[in-house]
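Read the structure below first, then the notes.
Counting starts at 1 for both ligands and their atoms, in listed order. Quick caveat, the model's predicted, so the values are computed rather than measured.
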Amino acid sequence: MENGIGLDEAGVLEVLQLPDDRLPEALQLAHEVRMRWCGPEVEVEGIVSLKTGGCPEDCHFCSQSGLFTSPVRAVWLDIPALVEAAKQTAATGATEFCIVAAVRGPDERLMAQLREGVKAIRAEVDIQIAASVGMLTQEQVDELVEMGIHRYNHNLETARSYFPKVVTTHTWEERWETLRMVRESGMEVCCGGILGMGESLEQRAEFAAQLAELDPHEVPLNFLNPRPGTPLSEQPVLEPKDALRAIAAFRLALPRALLRYAGGREITLGDLGTRDGLLGGINAVIVGNYLTTLGRSPTEDLELLRELKMPVKALSKTL
Ligand code: SF4
């Protein structure tokens with residue numbers, strides 16, 4: 001780690017298996033590694049859903065699948081609402097605005113909406129635009145680059161060996177292929193997943209190692225928030241200490257990545273745990289609401305960052 005090289009799979013597993021009394025030490029080391037390779041800044045991002053619900057895929061954690069009985073209706077956002085959301089996100093000090101759609105991959109209509117939306121945001125708001133619209137073809141990757149999307153999110157969600165237990169309508173390898181094309185295009189790669197879906201500690205370590213192999217710019221860490229109507233609705237929420245062990249372990253596996261708190265941290269960690277994670281390797285947050293559940297208020301998060309003396313990363317002047 002002195003040289004910026006992360007722990008391998010066996011090392012990650014050791015951290016995930018540490019007894020509770022060693023956890024503070026692991027978090028402390030993860031914090032030092034984050035400060036050494038990423039500094040004290042925290043990247044703040046807002047997300048907005050361009051198309052919510054009605055997805056044909058069957059990711060068992062997801063209330064936006066049209067195949068489950070979850071109470072999420074298919075809704076499209078219009079362009080003025082998208083621009084307004086970008087403005088509100090920028091007003092929190094966030095540098096990143098991610099447009100998300102619940103789809104297997106974008107069709108013509110979605111690509112057209114995205115193109116129009118990105119143009120409208122760029123005309124009015126000073127913020128970097130990221131996108132997350134599922135699996136892509138090479139042509140679509142090229143189009144996103146042309147639109148000026150600088151970061152693309154596509155989560156591997158879980159370890160390759162566990163993926164078929166969670167998703168049956170597409171493969172882990174298909175997701176990897178999109179990530180490969182995104183990386184080659186020059187867009188920044190954002191790739192993470194959800195912990196606490198029933199995977200073993202070995203599989204959690206496997207996942208961290210697979211992410212390290214991909215070497216993404218950003219890794220969003222979600223903790224399962226079991227949604228009514230989904231196949232994982234009865235899955236118990238991760239124990240806070242297991243979540244913190246995972247945060248430390250993923251940071252130690254990925255010393256240079258932006259490690260972002262994404263969904264589920266409120267129910268898994270609560271307020272105190274949120275602070276522990278920020279002092280244990282996390283250096284990016286999502287402000288406001290997630291796609292289908294409410295998050296903490298932006299003010300609370302921004303106040304906590306101020307208290308921890310972690311400056312919000314400013315928008316690069318060169319952009
Ligand atoms: S995770 Fe994405 S691809 Fe899977 S069901 Fe939800 S919206 Fe669809």
Stepwise salt bridge (charged side-chain N to carboxylate O under 4.0 Å, His left out) check, Arg36 with Glu32 = CA-CA 6 Å; Arg36 165 85 185 255; Glu32 283 166 24; over 6 Å; no

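Each of Thr274, Val42, Asp301 was compared with Tyr261 under the side chain to side chain contact (heavy atoms under 4.5 Å, CB included) criterion, and only Thr274 meets it. Tested against Glu218 for a salt bridge (Lys or Arg N to Asp or Glu O under 4.0 Å), the candidates Arg260, Arg256, Lys313 yield a single pass: Arg260.
Applying the 4.0 Å criterion to heavy atoms of Cys55 picks out, from ligand 1, the atoms 3 (S), 5 (S), 7 (S), 8 (Fe). Close approach of ligand 1 to Ala102 is summarised as follows: ligand atoms under 4.0 Å from at least one heavy atom of the residue are 7 (S). Within ligand 1, counting atoms from 1 as listed, the ones closer than 4.0 Å to a heavy atom of Phe61 are 1 (S).
In this structure, Arg151 pairs ionically with Glu43, as a charged nitrogen and a carboxylate oxygen lie closer than 4.0 Å.
Here CD of Glu173 is found 9.5 Å from CG of Leu156. Values are rounded to the nearest 0.5 Å.
When hydrogens are left out, the protein atom nearest atom 4 (Fe) of ligand 1 is Cys59 SG, 2.2 Å; that is the closest non-hydrogen contact.
Under the 4.0 angstrom criterion, atom 2 (Fe) of ligand 1 counts as lacking any protein heavy-atom contact.
For Cys62, the nearest N, O or S atom to atom 6 (Fe) of ligand 1 falls under 2.8 Å.
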